[in-house]
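Scope of the values below: all heavy atoms of this structure, side chains included, with no hydrogens, waters or symmetry mates. In this text, all values refer to a predicted model and were calculated from it rather than measured experimentally. Just follow the structure's listing: the first ligand is 1, and inside any ligand the first atom is 1.
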Amino acid sequence: MRIFSGIQPTGRKHLGNFIGAIVQYVAGQEQEGESIYCVVDLHATTVAYEPGVLRERLYDTTAILIAAGLDPERSILFRQSDVREHSELAWLLSSVTSWGDLNRMHQFKDKAGAQRDLVSAGLFTYPVLMAADVLAYRATTVPVGDDQRQHIELMRDIAARFNARYGDVLVVPEGVYPEVGARIMDLQEPTRKMSTTGGTEEGTVYVLDEPKAIEKKFKRAVTDSGSEIRAGADKPGVTNLLEILAAARGTSVADAETSMAGARGYGDLKGATAEAVVELLTPVRERYEALRADEGELERILGRGAEKASAITADVLTDVRAVMGVGCPPAARR
Ligand code: AQP
């Protein structure tokens, strides 16, 4: 098994990113094989951004990952733009990507609508770069949240089309989604996912929020009519709280429901969920401060990760170039 996943250095990382992705990254280190994680700064340039702020966010995100338990000695952790093969492979894969498929991507439609000045071609071809990120490692397994399903399916189609046209060079990877908490919803609008750009400030719990802020956000969480604490399509607010409670405690939603059997109302559910989330995030926030303060060390970690990552992608790209007939022929290189 070779695990690969990427995370954007945009905004502040929230509980959805944490439960949907980061917890899975840390668990991936226990699997046999390699785990490779990448902070995808090139993806972050596809919407309006400040270059100086991007660098800060990259360090923030790297420090959060390490604080959450990602061990750079056991995993490969690096910055996307440091490994040039990601960009090269994205271009090469664009010739086996259907324009019609890209045009169906929900994320593009959502994000394009939110741009004020420019809807960039990069935003449109974002899924091709994402495919290149994974396929450049012949990764087998991609841990992501539920919102990435469509991109993962496209990535699989791209890999399969490439192999059909040029021979079996790439691995068709599988997406892996958490059983609990694959789509954490905004606490104020529980029918919309918790999101960096599309959510409400009050309904978004950040990994680095202080306990008081977390408690306040849960206290004000929007719930549903009635008073029964159970998951169901007619109860999006309560279901979201139960999912968060279960994910934070590492149990099933059914167990979370059972644990609330003696509750006096939604207030108890909100209190229990806030407590579990504070317990989950406090150690991360405490470790984060020291890690974030040492940018030199973060650069050293990312640099070492990029060296290890490049050793893998160089071989894959040599094979891709050879079968596509681009660049110096392998025989002439000797
Ligand atoms: N609400 C969510 N529930 C579960 N998983 C989620 N992820 C994102 N939102 C949720 C997962 O987090 C990982 C990193 O996502 P990203 O790199 O796209 O980071 P981001 O852009 O900061 O995350 P958002 O909130 O998804 O941003 P918007 O909404 O602005 O695009 C991915 O594995 C993702 O599935």
*Asks:* Are Arg220 and Leu187 close enough that some pair of their side-chain heavy atoms sits under 4.5 Å apart?
*Replies:*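 When only atoms from C-beta onward are counted, Leu187 and Arg220 do not touch, as no gap falls below 4.5 Å.
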
*Asks:* Quick check on contacts: which atoms of ligand 1 are under 4.0 angstrom from a heavy atom of Ile184?
*Replies:*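 Numbered from 1, ligand 1 contributes 1 (N), 2 (C), 3 (N), 4 (C).
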
*Asks:* When you compare the side chain of Tyr206 with that of Lys217, does any pair of heavy atoms fall below 4.5 Å?
*Replies:*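 Side chain of Lys217 against side chain of Tyr206, heavy atoms only: contact under 4.5 Å found.
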
*Asks:* Are any of the heavy atoms in Lys13 under 4.0 Å away from ligand 1?
*Replies:*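 True for this residue.
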
*Asks:* Does Arg230 come within less than 4.0 Å of Glu257, counting only side-chain N to carboxylate O?
*Replies:*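 Not counted as a salt bridge, because no side-chain N and carboxylate O are separated by less than 4.0 Å.
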
*Asks:* Examine the proximity of ligand 1 to Arg183 and report which part, side chain or backbone, both or neither, has a heavy atom under 4.0 Å away.
*Replies:*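 Arg183 to ligand 1: backbone contact only, side chain stays beyond 4.0 Å.
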
*Asks:* Inspect the contact between Arg138 and Asp319 and indicate whether a charged nitrogen and a carboxylate oxygen are less than 4.0 angstrom apart.
*Replies:*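 Yes, this pair counts.
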
*Asks:* Which one holds for Lys111 and ligand 1: side chain close, backbone close, both close, or neither close, with close meaning a heavy atom under 4.0 Å?
*Replies:*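 For Lys111, only side-chain atoms sit under 4.0 Å from ligand 1.
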
*Asks:* Considering only the protein, which heavy-atom contact is closest to atom 13 (C) of ligand 1, and what is its distance?
*Replies:*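 Nearest protein contact, heavy atoms only, for atom 13 (C) of ligand 1 is Ala21 CB, 3.5 Å.
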
*Asks:* Is any N or O atom of Gly6, backbone or side chain, closer than 3.5 Å to an N or O atom of ligand 1?
*Replies:*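 No: no nitrogen or oxygen of Gly6 is under 3.5 Å from one in ligand 1.
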
*Asks:* If hydrogens are left out, which of Gly20, Gly16, Ala114, Ala44 has an atom nearest to atom 2 (C) of ligand 1, that is, the closest non-hydrogen atom?
*Replies:*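 Residue with the shortest heavy-atom distance to the ligand atom: Gly16.
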
*Asks:* Could you check atom 17 (O) of ligand 1 against the protein and tell me its nearest heavy-atom contact, residue, atom and distance included?
*Replies:*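 For atom 17 (O) of ligand 1, the nearest protein heavy atom comes out as Gln8 N, 2.8 Å.
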
*Asks:* Val323 and Tyr166: which non-hydrogen atoms are nearest, and at how many Å?
*Replies:*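 Looks like O-CD2, 3.5 Å.
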
*Asks:* Return a yes/no value for Lys193: is any of its N or O atoms, backbone included, closer than 3.5 angstrom to an N or O of ligand 1?
*Replies:*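 Yes, since at least one N or O of Lys193 sits under 3.5 Å from an N or O of ligand 1.
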
*Asks:* Taking only heavy atoms of Gly181 into account, list the atoms of ligand 1 that are under 4.0 Å away from them.
*Replies:*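 Ligand 1 atoms under the 4.0 Å threshold to Gly181: 4 (C).
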
*Asks:* Thr197 to ligand 1: N or O pair under 3.5 Å?
*Replies:*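 Thr197 vs ligand 1: N/O contact under 3.5 Å present.
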
*Asks:* Has Asp147 got any heavy atom lying under 4.0 angstrom from an atom of ligand 1?
*Replies:*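 Right, Asp147 reaches ligand 1.
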
*Asks:* Any ion pair linking Arg304 and Glu307 (charged N to carboxylate O, less than 4.0 Å)?
*Replies:*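 No salt bridge links Glu307 with Arg304.
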
*Asks:* Between Glu299 and Tyr59, does any side-chain donor sit less than 3.5 Å from a side-chain acceptor?
*Replies:*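 The criterion, which ignores hydrogens and geometry beyond distance, is satisfied for Tyr59 and Glu299.
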
*Asks:* Is it the side chain, the backbone, both or neither of Ala182 that has a heavy atom closer than 4.0 Å to ligand 1?
*Replies:*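 The answer is the backbone.
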
*Asks:* Does the side chain of Arg249 come under 3.5 Å of the side chain of Ser259 through a donor N or O and an acceptor N or O?
*Replies:*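 Distance-only check passes for Arg249 and Ser259.
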
*Asks:* Do the side-chain N and O atoms of Gln107 and Asp147 include a donor-acceptor pair separated by under 3.5 angstrom?
*Replies:*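 Side chains of Gln107 and Asp147: no pair found under 3.5 Å.
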
*Asks:* With a 4.0 Å heavy-atom cut-off (strictly under), which part of Gln107 contacts ligand 1: side chain, backbone, both or neither?
*Replies:*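 Looking at Gln107 and ligand 1, no heavy atom falls under 4.0 Å.
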
*Asks:* Does some non-hydrogen atom of His43 fall short of 4.0 Å from ligand 1?
*Replies:*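 Contact absent.
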
*Asks:* So is Val144 polar-close to ligand 1, meaning N/O to N/O under 3.5 Å?
*Replies:*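 Such a contact does not occur with ligand 1.
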
*Asks:* Checking a contact table here: which protein heavy atom is nearest atom 23 (O) of ligand 1, and how many Å away?
*Replies:*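 Here the closest protein heavy atom is Asn17 ND2, 3.2 Å.
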
*Asks:* If you have a sec, work out which protein heavy atom is nearest atom 33 (O) of ligand 1 and how many Å separate them, to one decimal?
*Replies:*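 Closest protein heavy atom to atom 33 (O) of ligand 1: Gly145 N, 3.3 Å.
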
*Asks:* Of the backbone atoms (N, CA, C, O) and the side-chain heavy atoms from C-beta on, which set of Ser195 has a member under 4.0 Å from an atom of ligand 1: side chain, backbone, both, or neither?
*Replies:*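 Near ligand 1, Ser195 shows its backbone as well as its side chain.
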
*Asks:* Looking at Leu317, Leu93, Val83, Val320, which one forms a side chain to side chain contact (heavy atoms under 4.5 Å, CB included) with Glu88?
*Replies:*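 The side chain to side chain contact (heavy atoms under 4.5 Å, CB included) with Glu88 is passed solely by Leu317 among Leu317, Leu93, Val83, Val320.
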
*Asks:* Indicate yes or no: at least one non-hydrogen side-chain atom of Thr282 is less than 4.5 angstrom from one of Pro211.
*Replies:*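 SC-SC contact between Thr282 and Pro211 confirmed.
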
*Asks:* If we count only N and O atoms by modelled type, under 3.5 Å, do the side chains of Thr313 and Glu85 hold a donor and an acceptor together?
*Replies:*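 There is such a pair between these side chains.
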
*Asks:* May I ask whether Pro178 has any heavy atom positioned less than 4.0 angstrom from an atom of ligand 1?
*Replies:*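 The answer is no: ligand 1 sits nowhere under 4.0 Å from a heavy atom of Pro178.
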
*Asks:* Indicate yes or no: at least one non-hydrogen side-chain atom of Asp60 is less than 4.5 angstrom from one of Tyr288.
*Replies:*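 Contact flag for Asp60/Tyr288 side chains = yes.
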
*Asks:* Look only at interatomic distance and state if Gln148 has a nitrogen or oxygen under 3.5 Å from any nitrogen or oxygen of ligand 1.
*Replies:*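 No, since none of the N or O atoms of Gln148 sits under 3.5 Å from an N or O of ligand 1.
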
*Asks:* Could you check which of Val40, Thr196, Ile244 puts a non-hydrogen atom nearest to atom 20 (P) of ligand 1?
*Replies:*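 Shortest heavy-atom distance from atom 20 (P) of ligand 1: Thr196.
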
